[in-house]
Structure formats: structure tokens, C-alpha cells
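Lettering follows sequence order; numbering is per chain, from 1.
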There are 2 protein chains.
Amino acid sequence: MTLLEQTIQSISKTLNEDAFHAAKERLANQAKPAGSLGIMEDISARLAAIKGTIDVKLSNKRIVTCAGDHGVTEEGVSLFPSEVTPQMVYNFANNGASVNVIGKHAGAIVKAADLGVNHDFEPDLPIFHKKVRYGTANFTKEPAMTREEAVLSIEAGIEIVNELEAEAPVDLLGTGDMGIGNTTPSSAIIAAFSGIDVEKLTGRGTGIDDECLKNKIAVIKKGLALHKPDPADPIDVLSKVGGLEIGGLAGLVLGAAARGIPVICDGFISTAGALIACELAPAAKKYLFASHKSVEIGHMFMYERLGLDPLIDLRFRLGEGTGAAVCMELLDLSTRILADIKTFEEVGINDAQ
Amino acid sequence: MTLLEQTIQSISKTLNEDAFHAAKERLANQAKPAGSLGIMEDISARLAAIKGTIDVKLSNKRIVTCAGDHGVTEEGVSLFPSEVTPQMVYNFANNGASVNVIGKHAGAIVKAADLGVNHDFEPDLPIFHKKVRYGTANFTKEPAMTREEAVLSIEAGIEIVNELEAEAPVDLLGTGDMGIGNTTPSSAIIAAFSGIDVEKLTGRGTGIDDECLKNKIAVIKKGLALHKPDPADPIDVLSKVGGLEIGGLAGLVLGAAARGIPVICDGFISTAGALIACELAPAAKKYLFASHKSVEIGHMFMYERLGLDPLIDLRFRLGEGTGAAVCMELLDLSTRILADIKTFEEVGINDAQ
């Protein structure tokens, strides 16, 4: 059995029901109107069910930012040149990027991963070195990658989780992405799975203008028409119109789910990875939390397919794991809400009449 | 000149334009697509303008939870009995309530204030002792309080800010409320100012049923018809259909604005207080941040009138300062986004072509 098959098979289909019910009971008895802390209460109960305790401690928080390049940038789909991908990987390694700053605020350790950047990084650069190939092919001409490479990229994500866990048990994993041009494959992926019009799923990425957006839509349509990715075969979708970092992001979700680690996905690209993961292994959804609502218009269709609601909408459109990092603070808070807010009985207050 | 008049007069109508422009320039040059951290960027620039620096430090964060009782609870508008108000004040003082837990997570010190609870607290209880009277009158029969008491309640809030500042300069102030029955006066206040139908502004508070909601609407209409509060005279509105803690909440906003302290208001009741403050002194809006969108349906109309957008929507309907506390973490984060994310130049990356 391959690592991917093993991982999918080891994802538990059930969470801890006892912890879930204990959480619900405690929340209902806390000295506040029932349900008055809304979504935070729901999250805290799901985390309790994942971890098997109502006193969940999310101490070791890790964010992995998967990077890869995209041959389709030849078609002029992005405002930034591909050279920015490796430059940003160095920026992550030097702790100067947005995700480093937001991750630090959330108490999370951020580490980038090279899944397919078109650049040779020094072996001692503190990143996960998991290059599958030097960027994808231009999917308007040939498949983005081979089927084998698609599997390798997912397995690289799984390996990263295993390596993190070998260092210290991970309490909460956040995913993030970097790859100039990668909103294009992400729109293509949700289009392939959902069959929704490409126009409805394609946004401005880093900020392209009307003409460039029209071109981007045409490029995605061309790729889908040429390769006809099979929506029932997520590996086929990933290999034909996906990205290497998107495969890595799928692997992070599968690896986390297999080890019972709650995982919070970031914006449009990370959610494309989560979508690949959950199409392969629907049980992974139980461990998955949506972070923010991206400005990218296709994002909500991904969440709809995953059955998830984003926690916040701060009009982010950056990626890197920035939205996941912000929401890590909320997940952490939810655990305190459940464990630390006292019950009516504990404080000796009359309950509602 | 009274304390209230002095305070209103000393609110600066302009913020630091130089710091604002320096913030905007730095945000535009950071190594990320321009504007890609959305609302967090806007907030960080406003905080820079308030504080006069692009490296804002929100170290001393304080939350004040104003408590008061309401005579209108005689009319059966709430699910909980009035006795819960003092019980919850003890709970705040003992650090066991929701706002204590969430405030602690945000690194904020929480302290309750008695503006008008129908109970005698021990003088050494660690709260602000600012009782104006033992709860309001039932406004379906007489004005909630006298005009003089309304002014005293606002001035009590101002005094609290002054006392906090005497301890240590406050970097960020959060407001919160406790008072069984206080969604009723809050709906009455926004109805009085806006003239919008009471039905559209009245929600279920702590969770009342359909019949109870119908009664609550009738109660508010009766109070408004009886007293005809003058929307051009915020003190008239507060005294006739308001609450003592709502006056205190207005005073907190005015006191913070007068001292150049950014202030973040909580949910429906705190925003009613902020509304009174900003109707008295529109310049206070420059220092005011909206936290969350409450489940209470009248809340958005308050924000509309204040020209503010809530940061988050986690379906909270609790008050106490819980929403303000969650958003304090976001305001704090925004300062790090502005100060710590490096520019393209600082990290040597090509800017967009």
C-alpha cells in the first residue's frame, strides 16, 4: 500500500462522542444565555471531540506554507513575475513575511515548504525541501504534471506532517500557500469538481485588471477543455490543472486528519488543496476548519462543497497562511471558552426561570 | 463648565495626518499585493493616526463592564430575573465570567462598574463603585431616570477613564455591559434616534420566545409614545428610555476620545452607549471601533448610524465586553501588520511589474 493509501485508510471516521457531549453539556450550563457565544461554542465542541477532552490545549501550533511555481504564468494570468515565488520563500525563511508576523502573534511556528519552486534552494535553508519538479507545465498546452507527480506532491505534504510530529506532537496545523499564478489552477480545480461556470469562480488574484481577468478565464476554460479532468478522480484533477503546492496542501490535510490533528485551511489556494484531500477522503472534513472568506469569488463555492463556513471575513486576499494564522487565535480562544467559563452551579447563580 | 461639557470640548476633531500617510505608504510598499490584508490594513492606519506613530503598541488593554438594572423588567421583557445582574457583577469580580476568560486571552484587564445595580455591593469589592441609583424606573410608567441622573451616569463613565489613566496610560479601551433587561432600552434608543419601526429593531435578547418578543415590542412602543424622547437631545433619549449602564458606556467612549484612547465597543448595549456618545460629540467616532455583529437585529442600524462596520460575526449575543475582547486581539494584530511586515525594498524583492 502506498503512503497515500495508508494515510487515507487511517483517518478515523468517528470523533470522540463522549467528549463532544460533555462539551455540549458544559456549554449549556455556563453562566451565560445558552448558545450566546455562537460559533465559538460550536468550534470548541468539535475540538473537544477531536482531542477527546473538554480541556483542549492548543500549545504547539504549526503553519506550513507550501510553495510552487506555475507554467501557466506564461499566459499572463498574474501581476507578479514567477521570480517572486522563490524570493518570498526566502522571505518566509527570514521571518519577514506577512504570515510570519501574523503567525508570531498567534503563537504559531511558521515554516515554508518547497513543493515545486523553479529555483534551487540551498540545502541548509530552514524550509521543508520537498521539490517534486521545477514548477508545473503550462496547462493550456499539456497537463500541469504527471499522475505520479501529483501523488508525490500529496505524499510530500503527508511526510511534512509526519516530520513535524516526530519533532513534537502538533496540537493545531495551519496551511498556507505561495506560488505566483496559483489562483488560476485553484479556480480550475473548483470548476472541474463543481461544473460551475469558470466566470463565477475566477477572481483577480493579486489584483489584475478587467482585460487580464478575461484572459485568465479564457486560459482556465482552455485547460479544462483540453484535458477534461475527471471530477470523480481527484488525482486526475490535480495532475491536469492543479499545482504542486496544492498537492502538498492536500497532503497536509490528509496527514493531519490521519493523526487526529485539527487543521485549519487558509484562503482560496489552501482550500483548493483541502478540497482535493476531502474528495479523496471525505472523513478528513471532520478535522478541517475553514478560516476566512477570501476576496476570491470562487472561495465560497469551495466551502459550500466542503460544508464549511468561514470564521471571519476581513477581506484578505493574500494567502501564505495569513487567514489560518488569524483564526488559530480564535480556535485557541474557543478552547478557553469551553474549559474556563464557569457554570451557573460553579458560581452559584440562579439559572433562567 | 461641567465634566461632560469639558470632556466633549476636549475631543480633538483631527487625528495625526502625518502618521496616517506614513502608515498608508508603508502598507503599500510591504511585500504583498497592495491592500491584500483588507480591513486589518485600514484599522492599523487609523490606529497610527490616533496614536501618532506607525509602531503602535497596545500594551495596556482595559475592559470596563458597566452594570445596571432596569425597572422595565417588571413588564416581562427578559428570560432572566433582575437578581442575576448583581450575581454576575460578583462573577466578574471573581474572574469567572465569559468576559474574564476572553479578556484574559486578549491580554486585557477586565473590571466591572456598578452604575445602577439594585444591590449594595461591599465597598471593597474590586469594581468601580459609581452607583447613580438602584436601577431605572419602568419606562412604561415614568421616565427611566431624571435628566440629572442621565448626566451623572455619563460622567461616571468619564471618571472611570480618568481613574484608569491615573493608574497607567490606557492603550486600548473595550466596553461591555451587564444588566438584565437591557436590550429593551437599547432597542428604544436606536428607535428614538432613527425613527425606524420598533419591530425592525427588537430582538430576542437572552432568548425569549415569540409571545415574549411581541410583548417586548409593545413595551418599547408604549415607552416611546408616552415620553416622546427628542432625537436631537441625546440626554433626553437616555433619561427617558435608556439605562444607567448605557449612560456609563457613553461616558467611557467620550472619556476615551477626549484622551486620545482608541475605544472598541462591544455588542448591542455597548453600541447604544456609543451612539449616545457620538450623538453628543460626533468627533468621538474617530476613536471608536466596532467589534462584532450581534445577533440582535437592531445592532446593524446602530452601526449604520455610526458609520462603522463590525470586524467579525461570530453570532455572539452575550455582551459583557466579550465581542470587544475578541476584537482587541485583532486591533493588536493590526499594529504588528503595519509595523513588522517588511517592505519589498527591505527584503529585496521585485515589485509588481
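- Put simply, the side chain of B/Leu37 reaches to within 4.5 Å of the side chain of A/Ser98, judged on heavy atoms.
- In this structure, the portion of B/Ala34 lying under 4.5 Å from any heavy atom of chain A is its backbone and not its side chain.
- With chain B as partner, the option from A/Glu329, A/Lys342, A/His105, A/Gln30 having the largest number of non-hydrogen pairs under 4.5 angstrom is A/His105.
- Taking CD1 from A/Ile337 and CD1 from B/Ile102, the interatomic distance works out to 4.0 Å, rounded to the nearest 0.5 Å.
- For A/Thr322, the part lying under 4.5 angstrom from a heavy atom of chain B is the side chain only.
- Here the options are B/Arg315, B/Arg317, B/Glu320, the test is side chain to side chain contact (heavy atoms under 4.5 Å, CB included), and the partner is A/Ser36; only B/Arg317 passes.
- Heavy atoms closer than 4.5 Å to chain B are found in both the backbone and the side chain of A/Asp332.
- Looking at A/Asn91, only its side chain comes within 4.5 Å of chain B, counting heavy atoms on both sides.
- Residue B/Leu330 touches chain A through its side chain alone, counting heavy-atom pairs closer than 4.5 Å.
- Only the side chain of A/Ile312 comes within contact range of chain B, with at least one heavy atom under 4.5 Å from a heavy atom of that chain.
- The most heavy-atom pairs under 4.5 Å with chain A, out of B/Leu314, B/Thr206, B/Val347, come from B/Leu314.
- Taking CD of B/Glu346 as the reference point, atom CG of A/Asn94 lies at 12.5 Å (rounded to 0.5 Å).
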